[in-house]
Novice: 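Let me give you the structure first, and then I'll get to my questions.
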4 protein chains.
Amino acid sequence: MGSSKQQPRRGNTRQRIQDVALELFSEQGYEKTSLREIAERLEVTKAALYYHFKTKEDILVSLFEDLTRPMDELIAWGAEQPHSLETKQEVLRRYSDALSGAAPLFRFMQENQATVRELSVGDAFKKRMIALFDILKEPDAPLTDQVRCVSALFTMHAGMFALQDVEGDPEEKRKAVLEVAMDLVAQAHGGA
Amino acid sequence: MGSSKQQPRRGNTRQRIQDVALELFSEQGYEKTSLREIAERLEVTKAALYYHFKTKEDILVSLFEDLTRPMDELIAWGAEQPHSLETKQEVLRRYSDALSGAAPLFRFMQENQATVRELSVGDAFKKRMIALFDILKEPDAPLTDQVRCVSALFTMHAGMFALQDVEGDPEEKRKAVLEVAMDLVAQAHGGA
Amino acid sequence: MGSSKQQPRRGNTRQRIQDVALELFSEQGYEKTSLREIAERLEVTKAALYYHFKTKEDILVSLFEDLTRPMDELIAWGAEQPHSLETKQEVLRRYSDALSGAAPLFRFMQENQATVRELSVGDAFKKRMIALFDILKEPDAPLTDQVRCVSALFTMHAGMFALQDVEGDPEEKRKAVLEVAMDLVAQAHGGA
Amino acid sequence: MGSSKQQPRRGNTRQRIQDVALELFSEQGYEKTSLREIAERLEVTKAALYYHFKTKEDILVSLFEDLTRPMDELIAWGAEQPHSLETKQEVLRRYSDALSGAAPLFRFMQENQATVRELSVGDAFKKRMIALFDILKEPDAPLTDQVRCVSALFTMHAGMFALQDVEGDPEEKRKAVLEVAMDLVAQAHGGA
DNA sequence: TATGAATGAGGTTTCATTCAT
DNA sequence: CATGAATGAAACCTCATTCAT
């Protein structure tokens, strides 16, 4: 407390870097966000960033690892359940929750696909998508129903951001998005 | 004619720049594609690009303008039709055609949203999306149906790329995507 | 003519970069010479260096290629001659001439072996040494005579610099160095 | 003793730093070896190095001082002896022994002359060379014989490394090198 | 004896852009 | 219609070093 100009910088710097980085990455994109910018916001030198992370990409990787753990667990759980509609719905419900806990990261992923594709997190992300897709779709579903499942996924990822201009409270939007996704998956499940 | 060793290279350089640029932009992203790279592929100097285009962004703008004209016309037409289901379906059908004629550009738009948002084409793109959305949705549609319309749009844009790993012939995929989009819009129309 | 501050910079920049680089590399070493330093001496920006050379190492490579051509030819010639003492002496004589035409480069090579070993020119240099060694030594020479040949080579490379503190005219020093080298090789030739 | 998981790590850290540093310096060169690298190999932090040595250069200086003491003594002894051939030969013999006890350091000195020249050890090394040279050569020896003495020195320093590719057992190589050096000095002594 | 956290200076490289020819 | 030469800004990253604990 008090007005010491230079507080002793406790052990939270790593976390603060992640916070600022995620904010900037998701606002401006990965390439357009320079380490200088991140450092300046934190009133730290660039070299300090390199004390905590080996490379720029490493910052992103760390964010991804920290924020997508719940999804990993969810997918692992889902993959072991029976392929029933109930399972699928439960997965969607929980996925929706997880998403809103890591919204900025997913906005980032959505809007920086070209960049992310070349990065190691791109692979991880793609694998997750495929795993989810395999949970939602029936083994020999016709093309149309496969599209429905993909569409459900996209709707959940992009829906929130696309609805930013639409008036209404965020929680209601989330429910609406979830409902449409559930619907699509239900149709695909029935149509098999 | 005469004894030119080089390829004919008529007044088509501008076009060739656009072709290569679109290919690279959509493959690697806008920021990761340098003018040097474009120039090298064309076996031309960077300075030559500046004879044909004022800036890097200008290349992108020109691509956008040239390739989205059909959509502009479609939207203008659609906005004047009655808000019937038939109109909406007709718009979706024609939009699907237009999309497959400019697939790389749309892939680019989809995968570089963060970049594009700051550029002038970002605005134009967003306006188009909103215009389309206004054609598809009923004026006072409930949130869920609005999501369905947004979802239909996203499905069309992203569907093709998302289905790259799924086996099947492209034209059939396109039809499947269109069918799901039509379905969503029909539900939204009926549910109003 | 006259005192224009900024002469039009003719097509000699590449050459001037090489000159300055060689001077600095040989004075201070490769790692301790920064591109900033080279650029400043030439009153040019760092980026200009990159117009003419792809990397820092490339500058060195170009120097090596340009300055060691005569040696390559000499070695190629020597390899085809009979293994007589006359051949060996002729090679030494001509090598001594070639060396004094590229003295700064060889001083650099001598004094930056650790650095150069990791660089592509290191390999080229080593190969040349081995080729020369093979010309000078008899196929089954005893170890001592092999050492004499190596020693002759080293004497020629390092001799000039090591004698900097000794008083005397450079041309005479060169002759003395050559004489000792010739002697060593003659002993080795006779001793086989 | 006790249940320490780590290696004993007594008060020998200073020594271990020197060992690793010498290994890396001689393998990669002084500039290319960073303190981070040394610290990592020792599983210690960079700051720990600064507890034992004031600067990076200090590590090198300490190595030099510790490893060249025998030579200092040898040179001091030699300077007081009569300038006879026997003295010279004795000096060479003992120098050869001393060299093989500190081979990596001398390899380092040989291969990093450019770097070392600016450092304090450079001076010390040069002074030693001159002192040795003064022992080996006759006061008014003709240029050629001076070259022979320099050459003898170079042969001993560089010979071992240059012969790495030649087959044969190290101890025999050392003897061959010594023999050639003795020969050169004998010629110089006789020729005066 | 050592570490954790940070700094300041500087390194090489890349980029979009300009302009005289 | 195009090139050759260059620039200024900025990028990512590494290094030796410091200091409170």
Side-chain angles (χ1 to χ4, degrees), chain A residues 6 8-14 17 31-39 42-59, chain B residues 9-14 17 31-39 42-59, chain C residues 6 8-14 17 31-39 42-59, chain D residues 9-14 17 31-39 42-59:
Chain A
Q6 182 99 357
R9 255 196 252 298
R10 304 176 313 269
N12 60 345
T13 304
R14 193 189 144 96
I17 293 172
E31 334 249 9
K32 294 264 287 270
T33 301
S34 70
L35 296 185
R36 180 176 54 66
E37 213 174 345
I38 298 177
L42 290 166
E43 294 183 291
V44 161
T45 54
K46 270 177 292 168
L49 305 185
Y50 280 92
Y51 176 74
H52 293 281
F53 297 95
K54 260 207 321 268
T55 65
K56 185 185 181 186
E57 185 175 346
D58 219 46
I59 301 181
Chain B
R9 195 188 297 187
R10 303 175 309 271
N12 63 346
T13 302
R14 192 188 144 94
I17 293 172
E31 332 252 9
K32 293 260 289 270
T33 301
S34 69
L35 294 187
R36 177 173 59 63
E37 213 174 344
I38 297 177
L42 290 166
E43 294 182 291
V44 163
T45 51
K46 268 184 294 175
L49 305 184
Y50 279 88
Y51 179 81
H52 294 280
F53 298 95
K54 256 204 326 266
T55 68
K56 185 185 182 186
E57 187 176 346
D58 222 47
I59 301 181
Chain C
Q6 180 97 3
R9 257 198 252 297
R10 304 177 314 269
N12 62 343
T13 303
R14 193 188 142 95
I17 293 172
E31 334 249 9
K32 292 263 288 272
T33 301
S34 69
L35 297 184
R36 178 178 55 65
E37 214 174 342
I38 299 178
L42 291 167
E43 293 183 291
V44 162
T45 55
K46 273 177 290 170
L49 306 185
Y50 279 90
Y51 176 76
H52 292 281
F53 298 95
K54 261 208 318 269
T55 66
K56 186 185 180 185
E57 185 176 347
D58 219 45
I59 301 181
Chain D
R9 195 186 298 189
R10 304 174 307 272
N12 62 345
T13 302
R14 193 188 142 94
I17 293 172
E31 332 252 6
K32 293 261 288 269
T33 301
S34 68
L35 296 186
R36 177 173 59 63
E37 213 174 343
I38 298 178
L42 291 166
E43 296 183 288
V44 162
T45 50
K46 267 183 295 174
L49 305 184
Y50 278 89
Y51 178 81
H52 294 280
F53 298 95
K54 256 206 324 269
T55 68
K56 185 185 181 185
E57 187 177 344
D58 222 46
I59 301 181

Novice: Give a yes or no on whether the backbone of A:T33 and the side-chain of A:K56 come within a donor-acceptor separation of less than 3.5 Å.
Specialist: yes
Novice: Taking the side chain as every heavy atom from C-beta outward, state whether B:I59 and B:L35 have any pair of such atoms under 4.5 Å apart.
Specialist: yes
Novice: Given atom NZ of D:K56 and atom P of F:dT14, what is their separation to the nearest angstrom?
Specialist: 15 Å
Novice: Using OP1 and OP2 only, check whether a side-chain N or O of B:R36 sits under 4.0 Å from E:dC15.
Specialist: yes
Novice: Return the 5'-most residue of the pair A:K46, C:L49 with respect to DNA chain F, ranking by each residue's nearest nucleotide.
Specialist: C:L49
Novice: Looking only at side-chain atoms of C:A48, point me to the closest of F:dA2, F:dA6, E:dT7.
Specialist: F:dA6
Novice: Please state how far atom CG in A:L42 lies from atom P in E:dT7, giving the value in whole angstrom units.
Specialist: 10 Å
Novice: Calculate the interatomic distance between A:E57 atom CD and F:dA11 atom P; express it in whole Å.
Specialist: 18 Å
Novice: To the nearest 0.5 Å, what is the distance between CG (A:L49) and OG1 (A:T13)?
Specialist: 10.0 Å
Novice: Find the distance between CZ (B:R14) and NE2 (B:H52) and round it off to the nearest 0.5 Å.
Specialist: 9.0 Å
Novice: Between CD1 of B:I17 and CG of B:L42, what distance do you get to the nearest 0.5 Å?
Specialist: 6.5 Å
Novice: A:E31 has an atom CD; how far is it from atom C1' of E:dC15, in whole Å?
Specialist: 13 Å
Novice: Could you pick out which residue, D:L35 or C:Y51, lies toward the 5' side of DNA chain F when each is mapped onto its nearest nucleotide?
Specialist: C:Y51
Novice: Which nucleotide, if any, forms a Watson-Crick or G-U wobble pair with E:dT21, using both distances under 3.5 Å?
Specialist: F:dA2
Novice: Can you tell me if C:H52 touches the phosphate of F:dG4, counting only side-chain N or O atoms and a distance under 4.0 Å to OP1 or OP2?
Specialist: no
Novice: Rounded to whole Å, how long is the line connecting atom CZ of B:F53 with atom C1' of E:dA16?
Specialist: 16 Å
Novice: Select one nucleotide: of F:dA16, E:dG4, F:dA2, the one nearest the side-chain heavy atoms of D:S34.
Specialist: F:dA16
Novice: Looking at E:dC15, F:dC15, F:dG4, which one has an atom nearest to any side-chain atom of C:A47?
Specialist: E:dC15
Novice: Could you give the CD1-to-C1' distance, from B:I38 to E:dC15, as a whole number of Å?
Specialist: 12 Å
Novice: How many Å lie between CD on B:E43 and P on F:dA2, as a whole number?
Specialist: 13 Å
Novice: Identify, between D:T45 and C:K32, the residue whose nearest nucleotide on DNA chain E lies closer to the 5' end.
Specialist: D:T45
Novice: If I pick the C1' atom on E:dT1 and the same atom on F:dT21, what distance separates them, to the nearest angstrom?
Specialist: 12 Å
Novice: Go nucleotide by nucleotide along DNA chain E from the 5' end; which of B:Y50 and C:T55 gets its closest nucleotide reached first?
Specialist: C:T55
